[in-house]
Every structure is written in structure tokens, then in C-alpha cells.
Amino acid sequence: MLKRSHYENPILPYLLISPQMLIVILFFLWPAGAALLQAFQISDPFGQGTAFVWFDNFKNLFETLEYRQSFLKTLVFSVSTALLSLLMGLALAALTNRILKIKTVTRTLLIWPYAVAPAMAGMLWLFLFHPTYGVIGHFLVSNGVDWNPVLNGTHAMVMVIIAASWKQISYNFVFFLGGLQAVPRSILEAAAIDGAGPLRRFFVIVLPLLSPTIFFLIVMNLVYAFFDTFGVIHATTEGGPGGATSTLVYKVYSDGFVGQDLGGSAAQSVILMVITVILTIVQFKVVEKKVHYNG
Amino acid sequence: MVERTPILDFFSYAFLVLGIVVVGFPIYYCLVAATLPLSEVLKYPMPLIPGEKLLENIRAAVEKGHLETQLWNSFLMALGITVGKISVSIISAFAIVYFNFRIRMLAFWMIFMTLMLPVEIRILPTYEVAANLFSPFKSLFRIFNLEFGLDFSLLNTYSGLILPLVASATATFLFRQFFLTLPEELCEASKMDGATPMQFFWKIVFPLSKTNIAALFVIVFVTGWNQYLWPLLVTTEPSMDTIIVGVQHLIPKADQVPQWNVAMAGALVAMVPPIMVVLLMQRWFVKGLVEHEK
């Protein structure tokens with residue numbers, strides 16, 4: 001943690017950490033504390049008085065069908081997004097690793113969606129899925145599907161899941177390719193001599209050896225699907241139609257910032273904080289494991 | 001690898017090419033749409049060969065959406081976030097690793113906490129602080145029935161876009177991790193030579209960190225450019241919009257002429273800078289990505 005040979009200085013270290021500390025306190029810890037406090041209060045609409053109401057905000061929240069549904073939608077959205085982008089990333093990385101000696105060209109060809117902002121990914125897919133002008137949307141319509149993401153909640157959900165997972169494929173690809181290249185050749189060769197074919201080797205040797213990477217990526221993809229996809233949803237469906245794509249993070253924004261429901265929004269923030277803390281702890285456990293596996 | 005498997009190889013190649021095409025298609029489709037005149041974009045199927053109207057469409061998008069101001073805003077914001085994050089992180093990590101002081105561990109854990117507090121989950125209270133930087137003092141004063149009269153708003157300013165995003169636990173950890181691998185002798189030798197701590201930082205530690213800084217730079221710049229929620233909150237004036245937020249206004253509404261070619265030209269303008277950064281600095285990008293997440 002601390003270097004054996006270090007400095008003792010009464011002022012300098014405080015000066016060095018002060019810029020970051022100021023920002024952390026002002027823009028992170030204070031707002032988080034304020035959200036915690038507000039979650040247990042109600043304030044009148046004119047901001048004059050506040051009353052402490054214990055868990056009433058949380059109770060109200062879970063009593064509304066909309067919020068409970070939002071939980072479910074977030075689950076469907078996050079799990080589908082993570083699964084889809086993980087499978088695509090793994091498949092592309094496995095194929096690249098299997099047949100190509102020089103991997104940088106494929107990497108270059110697959111890496112660019114990473115640089116595309118979630119909101120821009122939403123915009124591209126909104127066009128592709130447009131029922132009249134988009135190539136995929138029009139294809140679906142002309143083949144008898146009543147495709148309309150503006151009115152149909154399921155269609156809207158499918159669209160945001162595809163847009164969100166498309167953006168994440170490159171990320172998974174980079175990590176999977178790294179993981180695959182670290183699988184020792186000698187083990188694979190030994191298995192081949194024992195008569196295991198390429199597919200069998202992949203499922204019996206490569207996949208188990210890759211499990212630390214897979215666990216790590218599952219957590220990272222869930223974090224991405226939870227928080228970073230706000231832009232995808234805001235740019236395409238704005239939570240609609242009828243709240244069909246209103247995930248938990250989108251609801252904090254629409255209830256709090258647009259709807260100005262202070263207590264309710266703060267309670268939602270606190271629930272999300274609990275989820276993030278859990279995800280972060282799991283993430284660190286997984287990273288520990290990863291280090292351990294690699295020896 | 002070991003045996004000959006021509007059939008499997010063939011399918012592997014085919015699927016890989018198919019995968020690359022699928023992944024690249026949305027961007028290619030956007031590029032093609034941006035080069036076509038309106039009449040062609042609205043045809044079905046839309047031609048998949050680029051037309052000649054790229055410059056015209058870009059010009060139309062720039063005029064309609066004021067993209068030149070927005071590009072500049074995005075550039076300033078991304079650069080500010082990048083330089084800010086790297087600077088505050090490297091000096092905090094230096095302090096935490098090379099100085100023994102009372103709140104060392106407290107500072108470390110406070111920075112660590114930011115990992116669990118993405119802006120998405122503290123939208124309103126963070127907005128309140130940005131709307132008035134002194135609002136925390138106001139609240140504290142109010143407890144003692146005192147009035148704190150100063151107001152200072154960051155809304156619609158570059159500082160408002162940049163400052164709240166400058167803290168970074170991951171960048172601080174990355175530098176801390178790197179400093180811990182530096183040999184002890186470096187510090188001992190520079191002490192013996194009579195160098196002050198800051199001389200040691202500038203002459204030894206900083207030059208050694210250059211690769212890490214380059215790797216971080218690419219990834220932080222791209223995520224900075226792609227920020228969406230925070231700019232949406234703190235800017236209300238169109239002249240302060242970043243391009244990622246502003247270009248969304250080009251999406252044709254239900255009752256407008258469906259100028260998707262202009263919208264896609266705008267999208268192209270917004271996407272090209274980060275794509276170029278990632279492609280041109282790919283080596284640094286991959287290094288940054290892998291280390292950033294550890």
C-alpha cells in the first residue's frame with residue numbers, strides 16, 4: 001500500500017489529494033447523502049417544509065404497479081442485453097482465435113461499435129428498425145409482422161435490447177480474445193492427441209479455463225446494461241410506449257428530473273445504490289478470483 | 001491447429017465474415033444513408049451503394065442542427081474531462097502511495113466509493129449542487145438557522161459539463177497499482193540526491209507513467225465525448241449542447257419531412273471523432289480498456 005521509502009510532509013499530500021477530494025465530496029458523497037436523507041422525507045411542492053416519514057417513500061414505491069413492473073423490465077432488459085452481447089463477443093473471439101494467425105485485422109473490424117455512444121447506437125437502430133424507412137423494420141412489415149416499436153411495447157423492448165447489446169459486442173470481444181490467447185497451447189495439443197475434436201476441446205477445455213473472464217464480463221455487462229444504457233433508451237423510446245422500456249435508471253430520471261417527485265426519486269436512487277454496492281462487491285470478488293486463477 | 005478440418009474451417013470463416021458484416025452493418029448503413037438524396041433514402045429497399053450527396057447532407061445537418069458549436073462543445077468537454085481526470089488521479093495516487101499522512105486510507109476509501117455512485121443514481125441531488133455550488137453550505141447553515149448568501153451556478157457552463165465527471169476511482173487505482181510496481185530504489189536514490197518530492201514526481205514518476213497516461217487518455221476521451229445523461233441535465237441552452245445530445249434533434253418527428261439522410265449525416269459527424277481515436281490509437285485503446293477495468 002505505502003512505499004517502504006516514502007515521504008513525511010505536513011502539507012504536500014493534502015494539497016495533492018485536495019482536487020479529487022473536493023470533487024468527490026461535492027459531486028458524489030454529498031449528493032448521495034442528500035438522496036439518502038430525502039428518501040426518508042417528504043417535502044411539499046414549494047420546498048418550504050419537509051417531514052420525516054421513515055420508509056413511506058419505499059412503501060409507496062413498491063405499492064405502485066408501475067415500479068414493480070419496471071423492476072421486471074430492467075431484469076429482462078439487462079439479462080437479455082448481457083446474454084446477447086456476451087454470446088456474440090464469445091463466438092466472434094473464438095472464431096478469430098481459431099482460424100487466424102494475425103488477429104489485429106479482425107480486431108480493427110470489430111472494435112468500432114465501442115466508440116459509438118449509447119445514444120448514437122440508439123439513433124442508428126431507430127433508423128434501421130423504422131417500420132417505413134428502415135431496412136429491418138420494412139423487411140419485417142413486408143413479411144407480415146405488424147412491426148411498430150412506437151406503439152408496441154415488446155417491439156420497443158426488442159429494439160433497445162438489440163441496440164444496447166450491439167454496442168457492447170466489441171468490449172466482450174476484446175476481453176474474450178485476450179482470455180482465449182492465454183489458454184496454453186500445450187493443453188489443447190495434448191487433448192487433440194487424445195482424440196478430442198475442435199468443438200469438444202472448446203467446450204471441455206477452453207470454456208472452463210475461460211470461466212474467470214466469463215464471470216468478470218457477466219458482472220461488467222450487467223453494470224453496463226443497468227447504467228450506461230440510459231442513452232439508448234432516451235434516444236429511441238424515451239421509456240415508452242406506455243412505460244414498456246422504462247428501466248429503473250430511466251425511471252429515476254423521468255420521475256425525479258422530469259416529474260419532480262423528490263422523495264420518490266430519492267428512494268429509487270437509494271434502491272439503485274444498494275444494487276450497485278452488491279454488483280461492486282461481486283465484481284471485486286470475481287476480480288480476486290481471476291487473479292487467483294491466473295496464478 | 002493440430003488436425004486438418006477443412007469443413008469446420010470453412011464454416012468458421014463464413015461465420016466470422018458474417019459476424020463482422022453484422023457488427024459493421026449499422027455504421028455502414030448510416031454512412032450510405034448519409035450520402036443519398038432524400039428520394040433515394042425513402043425508397044425501399046434503400047440502395048446499399050453510397051451516393052454522392054455526402055457533403056450536401058453534412059452541410060444541411062450542420063446548418064439545421066448548429067453542429068459546429070456542438071462539435072466544439074463536445075471537444076472541449078471531452079478534453080477537459082480527460083486532462084482533469086488524469087491530472088487529479090495521478091497526483092492523488094502519488095500522495096496515497098508515496099506519503100504517510102493521517103487521512104491516507106480515508107482518502108483512498110472515499111475515492112473508492114465513487115465507483116458505487118454513478119451519476120445515473122444521484123441525478124437530482126447532483127443537479128442541485130451543480131445549480132448552486134454552495135448549496136451544501138446553505139443546507140449546513142440552515143441547520144443552525146443561519147443564511148448563507150452566496151450562489152454560484154454551473155448550469156450551462158463548461159465547468160458544469162466537466163467538473164462533476166473529473167473524479168475517477170479507476171484511474172486513481174490504475175496509477176496506484178503502477179506506482180506500487182516501481183522499484184523502491186528510485187525514491188531512495190532521488191532522496192539521496194536531494195530531490196524534493198515534487199522533483200521526484202516530475203523527473204521520475206511522471207515520465208515513467210507515460211504509457212499508462214496514453215492508454216488512459218484514449219479511453220477517457222472516448223467515454224467523455226460519449227457522455228449523454230449529464231450534459232442533458234446541466235445544459236438547457238442550445239448553444240451549450242454537446243453533439244451527442246444535439247444531434248438527436250435531427251431525428252425526424254412523425255409530422256416532419258423524414259430527412260433521415262440529414263439525420264444520418266449528423267450522426268456520422270458525431271460518431272467519427274471517437275471512432276477515429278479508437279481506430280488510430282488501437283494499441284493504446286486495448287491496453288487502456290484491459291487495465292482500466294482491473
Side-chain angles (χ1 to χ4, degrees), chain A residues 2-9 12-13 16-17 19-21 23-24 26-28 30-32 34-35 92 95 98-99 108-117 119-120 123-124 127-128 133 135 138 169 174 178 189 192 198 227 230-231 235 249 252-253 256-257 265 269 272-273 276-277 280, chain B residues 2 5 8-9 12-13 15-16 19-20 23 26 29-30 42 44-46 88 91-92 94-95 97-101 107 110-111 114-118 120-126 129 136 164 166-167 184 187-188 197 222 226 228-229 244 248 258 260 267 270-271 274-275 278 282 286 289-290:
Chain A
L2 182 69
K3 283 279 190 184
R4 187 163 43 76
S5 99
H6 57 258
Y7 297 97
E8 305 276 346
N9 192 307
L12 195 55
L16 289 172
I17 58 161
Q20 175 127 306
M21 281 293 114
I23 292 163
V24 167
L26 210 51
F27 295 110
F28 288 79
W30 175 271
L92 291 170
L95 291 174
R98 193 184 123 67
I99 48 183
T108 308
L109 289 171
L110 284 171
I111 220 167
W112 42 356
Y114 184 86
V116 176
M120 299 311 298
M123 192 173 168
L124 295 186
F127 179 40
L128 284 163
Y133 308 117
V135 64
H138 194 104
I169 292 173
V174 168
E189 278 165 6
F227 300 110
F230 172 85
V249 166
V252 176
Y253 167 80
F257 197 72
S265 165
S269 294
L272 281 172
M273 273 181 216
T276 338
V277 169
T280 313
Chain B
V2 194
T5 48
L8 192 67
D9 282 358
S12 300
Y13 273 108
F15 279 119
L16 187 59
I20 291 172
V23 169
Y29 195 68
C30 164
L42 303 186
Y44 183 81
M46 188 188 99
V88 302
I91 56 176
S92 328
F94 181 65
V97 173
Y98 277 105
F99 286 89
N100 188 16
F101 60 108
M110 277 166 77
I111 295 169
T114 63
L115 264 188
M116 302 188 219
L117 299 168
E120 285 80 3
I121 64 176
R122 48 184 172 84
I123 293 175
L124 267 183
T126 317
V129 176
V166 154
E184 297 278 354
C187 183
E188 281 162 17
V222 170
N226 288 345
Y228 187 73
L229 177 58
I244 302 289
Q248 307 289 337
W260 279 102
M271 289 188 305
I275 290 181
V278 165
Q282 201 187 132
V286 173
L289 189 64
V290 174

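Quick caveat: nothing in here was measured; it's all calculated off a predicted structure. Chain naming here is simple, since letters A, B, ... match the order of the sequence lines and numbering starts at 1 in each.
- Residue Val277(A) touches chain B through both its backbone and its side chain, counting heavy-atom pairs closer than 4.5 Å.
- Ranked by non-hydrogen atom pairs under 4.5 Å with chain B, the options Phe127(A), Tyr133(A), Tyr253(A), Trp112(A) are led by Phe127(A).
- When heavy atoms are compared at a cutoff of 4.5 Å, Trp30(A) approaches chain B solely by way of its side chain, counted from C-beta outward.
- Proximity to chain A involves both the backbone and the side chain of Phe99(B), based on heavy atoms less than 4.5 angstrom apart.
- For Leu92(A), the parts lying near chain B are the backbone and the side chain together; criterion is any non-hydrogen pair under 4.5 Å.
- Looking at Met120(A), the atoms closer than 4.5 Å to chain B (heavy atoms on both sides) sit in the backbone and in the side chain alike.
- Among all heavy-atom pairs drawn from Val166(B) and Gln20(A), the shortest one is O-OE1, 4.4 Å.
- Pro274(B) has its side chain out of reach of Val116(A): every pair of non-hydrogen atoms, C-beta onward, lies at least 4.5 Å apart.
- Contact check for Tyr7(A) versus Cys187(B): side-chain heavy atoms found under the 4.5 Å cut-off.
- Counting all heavy atoms, side chain and backbone alike, Phe27(A) lies closest to Thr126(B) at O-CG2, 3.7 Å.
- Ile91(B) is not listed as a side-chain neighbour of Ile17(A), based on a closest heavy-atom distance of 4.5 Å or more.
- Side-chain contact between Arg98(A) and Leu16(B) is absent, with no heavy-atom pair separated by less than 4.5 Å.
- Only the side chain of Leu12(A) has a heavy atom closer than 4.5 Å to any heavy atom of chain B.
- Across Ile20(B), Val222(B), Leu115(B), the residue that shares the most heavy-atom pairs under 4.5 angstrom with chain A is Ile20(B).
- Under the 4.5 Å side-chain criterion, counting only non-hydrogen atoms from C-beta, Met123(A) is in contact with Gln248(B).
- Contacts between Thr108(A) and chain B at a heavy-atom distance below 4.5 Å involve backbone atoms as well as side-chain atoms.
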